[in-house]
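Source: prediction; values computed, not measured.
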Amino acid sequence: MLYLIRKMRSQLNSWALLSVIFSTLILLPALLIMIQLFAESNENWEHIKEYMLKNYIVNSVTLVSFTGFFTVLIGVSTAWLVSAYKVPMHRFFKWGLILPLAIPPYIGAYTYHGILNYTGVIQTTLRNQFGIKVDQKYFDIMNIPGAVFIFTMFLYPYVYIITRSFLENQSSSLIENARLLGKGSFMTFIQVVLPVSRAAIVGGVSLVILEVFNDYGVVKYFGIQTFSTAIFQAWFGMGDIYSAIKLAGTLMFIVVLILILEKVIRGRKQYSYSTSKVRPLQPKELKGLKKVAVLSFFISLFALAFAIPFIQLLQWVYMTYDVILSAAFADLIWNSVFVAAIGSVFIIIVALIIANFSRLSKGWIGKLFSKITVLGYSIPGAVIAIGVLTLFLALDEKVITLYEWFGLEPTLVLSLSISMLIFAYVVRFLAVGFNSIESGFDKVGTVFTEASRTLGMSVTKTFFKVDIKMIKGAIAGGFILVFVDILKELPLTLILQPFNFYTLATKTFQYASDERIHEAAVSSMVIICISALSIFFLHRVLEKEPK
Amino acid sequence: MFVQIKNLTFHYKNSQKPLFENLSLSFKQGEVSVILGESGSGKSTLLRLIAGLEVPSKGSIQIDQAVMNDNFRFVQPEKRGVGLVFQDYALFPHMTVEKNIKFGLTKMNRKQKQARMEELLAIVGMEDYASRYPYELSGGQQQRVALARAMAPNPSLIMFDEPFSNLDSKLQLQIRDELQEILKRTGITSIFVTHDEEDARAIGDRIILMNNGKIQDEGRPEMVLQKNKEKLSLAYV
């Protein structure tokens, strides 16, 4: 007991205090939803539960299962082919196959719809050049299989990246041994590669699943009823925050179940097993028919998941840029950059504080804080938005009483303000910045901090003079990742954006919803280019890092 | 006694068995003490406890009459006035030699800092290297800078964690002699941690033989080494 008190005293400083405050704030929205989930139900909710909930669950689960299956299929096979074999343009495909991640699925969705519909490039060419009229049903992608296609094309890189880096760095001796023992390529893949990379695959596919649950743009555009669309309907359609909370709570519950499932499936296996010598797997040259087959697979995948939609968007940009590029568009960019920059700065500051505390305190308290910060990333954007909205509405009630007390006109001050939006971004994307900074800290260790402290510097002085300077790269990387994530964010921003305030993402979505898909191209292109740059940058940084 | 450790108990988290249990030990002013033991015997942890980098579960530590920790108090490492030279030196890679040495000189004005820095570079014979970065120095040079940096704030006690383990054997002898000379000249109280019998014999006024967190023997180097010859040779086979 004495020991505990002493231990606490040695750590009870402003760092601990700030960490507690921030973690509590981060946790509040989720907690509010949890509490409300068990509150009494109203009529709307009874109606939703009775007639619609089953449909939401079935649709969401169908989307998640099929997308999960196909992303594993494509992600794992590309990861294996890229790391084990050499084909022409190997280096290009190695990172080119990550590029689809730069296209947010909702942009991919309306682009593909634009390509395939009656007035799209394929059908008009067929009609005008060849006089062929096609049956519309073969060209309709606005349904569940279509959504699965879109999700698969633009999300498979999650599985690909994680599995590939595992295969390249961890498994060379196993794979070489399998080859020496006389196994052919295919049997090696089935008997060795798949089982050893199970943890990596599960890690990648759970990211995909979280993204699908998070999505609002694709399903809304395609007219598929899921939890996200239902939350929007409850809040915007019926103004019923109460049912929105219940829906959000149910969705959160499902997501938590999936996270638990992930832990169970992954078991005690980690992404990496520890061997002191990491030897990269040497890819071998492919010849003849096999070479042609692998190459055509890569080319078609790259075309479908990146080149075709990208080129189509370029054409639309060319058609519309003179109308779109105006003062209003400059405002749009300013808004996006503004919220993304402020949000990223807050996230990096909070992440630095909690990560520094958690690393220096070493014990379970620090671990707990780092777990809490990561929570938001698993929770779909719409759910966080509803939680944050509930929190701010409650705060506003207090503020209004305060206003009346001072004899001022009561108004909603906090709700639907930019500060609420930015707070929600911090909750949602803190994990992204935190992971980057934590791994930066892990790499430098604590020895420099300790050296500084024995030289007479306090924790805080050490932080500014030593720690922060040693993880500059990690801070920059984390900032870029968060910035791009906020820039692309759709569902949360749609719910929480202040009146008449649009970001690139929400304006894009609005154009697309209004069937003005050509006009959406310019803002889409900006988002895609910034994302692609950040992917390129991070890829380069990762490549350069000593193994 | 300059450093007084009483009934110190310490466990690592996740470990049921304490590394130290009721350990008592003291160090005289101006003395060069060597803690000799195999790796894992707890000798580095003892240094970290004295420096305040680990929190003991029981017991007290006093340095120069002042209580560093007991059941009620815990003085933070930056307030202890203890210098520590780390095994891998821990020179700040983003600072030059000059900046590294000036790092701990907080209560001086610019002129005083410069003078102190030059004084220390002269002591360790590195006058020409002030503007170099740590990665531009050899292992032996880094070692000397680390010593200069630890000594700069004028600590009442300086501790060395395996200071020679990263040096090749020829350099090891040279640095060891230099270090001994510097310590004698400055008269600073110092504690070394090493697993090398020869180092212990050469540098120590007193040897403390440690095994599994317990003190096996202590005294003048020749006596301790002679008496425990068999045990030591067994341990290092």
Subject >> Proximal component of A/Thr446, with respect to chain B [non-hydrogen, under 4.5 Å] >> reply: neither
Original post:
Got B/Leu36 and B/Ile208 here, is their nearest side-chain heavy-atom distance under 4.5 Å?
Top reply: no
Could you tell me whether [X] and [Y] make a salt bridge, using a distance below 4.0 angstrom between a side-chain N and a carboxylate O?
{"X": "B/Glu162", "Y": "B/Lys43", "answer": "yes"}
{"X": "B/Glu119", "Y": "B/Arg116", "answer": "yes"}
{"X": "A/Lys472", "Y": "A/Asp467", "answer": "no"}
{"X": "B/Glu21", "Y": "B/Lys214", "answer": "no"}

Original post:
Pick from A/Val466, A/Val444, A/Val459: which one has the most heavy-atom pairs with chain B under 4.5 Å?
Top reply: A/Val466
Original post:
Among A/Met457, A/Lys469, A/Met470, which has the most heavy-atom pairs under 4.5 Å with chain B?
Top reply: A/Met457
Subject >> No-hydrogen, no-angle side-chain donor-acceptor test under 3.5 Å, A/Thr460 and A/Trp15 >> reply: yes
Enumerate, atom names and distances included, each donor-acceptor pair closer than 3.5 Å involving a side-chain atom of residues 347-358 of chain A, sequence neighbours excluded.
from, atom 1, to, atom 2, distance (Å)
A/Asn356, OD1, A/Arg359, NE, 3.1
A/Asn356, OD1, A/Arg359, NH2, 3.1

Original post:
Would you say A/Lys461 has more than 12 foreign heavy atoms packed within less than 6.0 Å of its NZ?
Top reply: no
Original post:
Residues two or more places apart in sequence or in another chain: which of them pass salt bridge (Lys or Arg N to Asp or Glu O under 4.0 Å) with B/Asp88?
Top reply: none
Subject >> Intermediate values then yes/no, side-chain hydrogen bond (donor to acceptor under 3.5 Å, both in side chains), B/Asp64 and B/Ser156 >> reply: CA-CA 8 Å; B/Asp64 199 8; B/Ser156 57; 5.2 Å; no
Original post:
For chain A, which residues from residues 89-112 of chain B have at least one heavy atom closer than 4.5 Å to it?
Top reply: B/Ala90, B/Leu91, B/Phe92, B/Pro93, B/His94, B/Met95, B/Phe103, B/Gly104, B/Thr106
**OP:** With chain A as the partner chain, list the residues of residues 136-153 of chain B whose heavy atoms fall under 4.5 Å from it, by residue number, and write 'none' if nothing qualifies.
**Re:** B/Arg149, B/Ala150, B/Pro153
Original post:
Taking the six-membered ring for Trp, are the ring centroids of B/Phe2 and B/Phe27 within less than 6.0 Å of each other?
Top reply: no
